[in-house]
Amino acid sequence: MSIQTPAQTAAASTPAHQDFIRQIVRDDLASGRHHAIHTRFPPEPNGYLHIGHAKAICLSFGIAREFGGWCNLRLDDTNPGRENPEFVAGIKEDVHWLGFDWHELRHASDYFEVFYRAALKLIGDGLAYVDDLSAEEMRAYRGTLTEPGRDSPWRERPVAENLDLFRRMRAGEFPDGSKTLRAKIDMAAGNINLRDPALYRIRKVTHQNTGDAWPIYPMYDIAHALSDAMEGITHSLCTLEFEDHRPLYDWCVDHVDLPGHPELWQSVVDAGLEARPAKPRQIEFSRLNLSYCITSKRKLAQLVAEHHVDGWDDPRMNTLRGLRRRGFTPAGLRLFVERVGVSKQNSVIDYSVLEGCIREDLDATAPRRMAVLDPLRLVIINLPEGHSETLRFANHPKDESFGTREVPFSRELWIEREDFAEVPPKGFHRLRPGGEVRLRGVGIVRCDEVVKDADGGVVALHCTLDPDSRQGLPGAERKVKGTLHWVSAPHAVATEVRLYERLFNVAAPESDEDGRDWLVHLNPEAKRVLKAWLEPAAADAAPEQRYQFERLGYFVADRVDHRAQAPVFNRIVTLRDTWARQAGH
RNA sequence: UGGGAGAUCGUCUAAUGGUAGGACAACAGACUCUGACUCUGUUUAUCUAGGUUCGAAUCCUAGUCUCCCAGCCA
């Protein structure tokens, strides 16, 4: 009996049959095919990460963690001009925020010399050639989905000529777009990716990392395959649309054969980077689609550029930064990804599943406070003028470790306007003329008088507090249907509250079935700004402190704008509200 | 009429020839100083048609539907 590696122990201790990818990983460990699991998350730094990336991040980083392996963060920077250091910083920050750390930070550009030498090897082996066709001509030669392509007139160039031409491409002798390096595979292949795909293009653009060192840049297929091989990635996880690319991925890995040709990657060793090339395996899973959300980088960027939102971190955006500013929690997002599962079926997850996960996390972790968003004055007429006392409240109804806080109480309170109805609908548990209700942590009040202005609008309620029902007294056991939250009017702290709803008012904003512009589905009500009242213990929150404002929902002190002297709270999500649903709102 | 992939409760997702299970949602009830949370219960599914088998979501045959691919993007 051999001693088990930590990875095998991890594989054996986790329950069998989770998702198909973890099954593959477990089998590879059990069979000894791999002794450690290496994954990577390879975003292109041309935009900020969004909710869809959360799944990829949790999968690749999570599997590495579960099986005692590691995951690299690799910036896929093979297309200069589109990519930008601002996004690199944002991506790193977002991955950390989600709760993951990488083994190594790498860039595809770390391997530019490797790719170049690999290309020379392929040319030398008669597996790649320099083509003079223009982009339009190449498209015409490629054929269609149902018709085979035709060989380029340059396909049979001698190896020596290809070598010379490619070296001169690298030397910068030719203008952009005038030549490409192509893999020589099969112009009649049913899989269009195999019809002599481009491997290198000429692009005389300054690169964020390599400056002007390179006038040519590798295409995704060769760069990604060889990057994975260079880093010893065992399981290269990606989304379904790359399924058609897997034969080309394997073609690159197998024909270049990095493990068998150390001279190809000497530059990486010289640079002091760890290099243990191996053969990676690509596995595809279905991407995360969420109703009411868009995950197109182009459209997300358009929302920002055209000022439909206030930036990449606008709380209405389903970017990770937007969700963060909105107050969503990393643990809630991780729970969401876990709950959604992994498979190869195309699917759309209902947005309410995400909300449910956030609520589940926040219910356990958010201290309680009271706030009133739409105030109505309630005067307790059997308390003396100027009466004031301090009450002690638990910060969490089910977890004593949250401790307690002091809440000022007085004769004049703010309650929620919608908690009073002069003519209550059927099933209404709240305050009505002559009716009784409990004030949270205080006692039972009866509404004696409804004070109105000249237009008949309700401006105040005069109530009597039953002294025997005060908290702690035996009379407090008395049952009443409703309990209301409140804030002491003289002690209340004014705050700005931002109420957020879904950014789009249709479930599938990206589908152009009706031929209309997706922007028409923008929900103009998605952001509403209110002036509201807080109990004092909520006002001095640190930025990003989350609370449950009782009976209203979960709120977060805005990461950017909140000040103790001028509080700003964002509504993360409402509480589940079976009354509103029943009342048909 | 090319190539690739996928079809299981409303939504996700298991079952790898042997009781179609779980989660979420919905509904009903209990509890409740948050109409929250929690708890209990209920409803609902194997794309179709044949076949193999004692036994099929699973294997075979034929079909249907959905998604992806014709960048010098990733």
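So you know, we letter chains A, B, ... as the sequences are listed, proteins then strands, and number each from 1. Treat the numbers as computed from the prediction; the structure is a model and nothing was measured.
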Return the nearest nucleotide to the side chain of [X]; candidates are [options].
X	options	result
A:Asp76	B:A5, B:U34, B:A74	B:A74
A:Gln548	B:A15, B:A70, B:U34	B:U34
A:Glu550	B:U34, B:A26, B:G6	B:U34
A:Glu44	B:A70, B:A74, B:U34	B:A74
A:Lys398	B:C33, B:C37, B:A74	B:C37

Would you classify A:Tyr217 as touching base, sugar-phosphate or nothing, given that sugar-phosphate means primed atoms plus P, OP1 and OP2, and contacts are heavy atoms under 4.0 Å? nothing
Spacing between A:Ile283 atom CD1 and B:G6 atom P, to the nearest angstrom: 14 Å
Taking N and O atoms by type only, does the side chain of [X] place a donor or acceptor under 3.5 Å from a partner on the base of [N]?
X	N	answer
A:His245	B:A74	yes
A:Asn191	B:G4	no
A:Gln345	B:U13	no
A:Arg339	B:U13	no

Relative to the ring of [Y], is the ring of [X] parallel (under 30°), tilted (30 to 60°) or perpendicular (over 60°)?
X	Y	value
A:Tyr200	A:Phe166	perpendicular
A:His50	A:His53	tilted
A:His429	A:Trp579	parallel
A:Phe112	A:Phe115	tilted

[atom1] gap between [N] and [M], integer Å:
N	M	atom1	answer
B:A56	B:A23	C1'	26 Å
B:U19	B:A28	C1'	28 Å
B:C47	B:A26	P	26 Å
B:C33	B:U38	C1'	16 Å
B:C27	B:C67	P	31 Å
B:C24	B:C37	P	12 Å
B:G4	B:A62	P	15 Å
B:G21	B:G63	P	33 Å

On the nucleotide [N], are OP1 or OP2 found under 4.0 Å from the side-chain N or O atoms that [X] carries?
X	N	value
A:Arg551	B:G35	yes
A:Arg203	B:C73	yes
A:Arg430	B:G35	no
A:Arg298	B:C73	no
A:Arg581	B:C27	yes
A:Ser343	B:U13	yes
A:Lys479	B:C33	yes
A:Thr578	B:A36	yes
A:Arg201	B:C73	yes
A:Ser347	B:U11	no
A:Arg142	B:C72	yes

Sidechain N-carboxylate O distance under 4.0 Å for A:Arg368, A:Asp363: yes
Between A:Glu550 and A:Arg369, is there a salt bridge with N-O shorter than 4.0 Å? no
When you compare the ring of A:Trp579 with the six-membered ring of B:G35's base, are the centres less than 5.5 Å apart and the planes under 30° from each other? yes
Should A:His429 be counted as stacked on B:G35, where stacking needs a ring-centre gap under 5.5 Å and an angle between planes under 30 degrees? yes
Do A:Arg203 and A:Tyr217 meet the cation-pi criteria used here (NZ or CZ under 6.0 Å from the six-membered ring centre, within 45° of the axis)? no
With a distance cut-off below 6.0 Å to the six-membered ring centre and an angular limit of 45° from the axis, does A:Arg170 pair with A:Tyr116 as a cation-pi contact? yes
Donor-acceptor contact present, side-chain A:Asp186 to main-chain A:Arg195, <3.5 Å: no
5′-ward residue of the pair A:Leu133/A:Ser286 relative to RNA chain B: A:Ser286
Which residue lies toward the 5' end of RNA chain B, A:Glu241 or A:Tyr554, if each is placed at its nearest nucleotide? A:Tyr554
Of all heavy-atom pairs between A:Asp374 and A:Glu416, which one has the smallest distance, and what is that distance? N-OE2, 2.6 Å
Is the glycosidic angle of B:G63 within 90° of 0, making it syn, or outside that range, making it anti? anti
Dot-bracket assigned to RNA chain B with the 3.5 Å Watson-Crick/G-U criterion, [ ] for crossing and | for other-strand pairs, is .((((((..((((....[..)))).(((((.......)))))....(((((..]....))))))))))).....
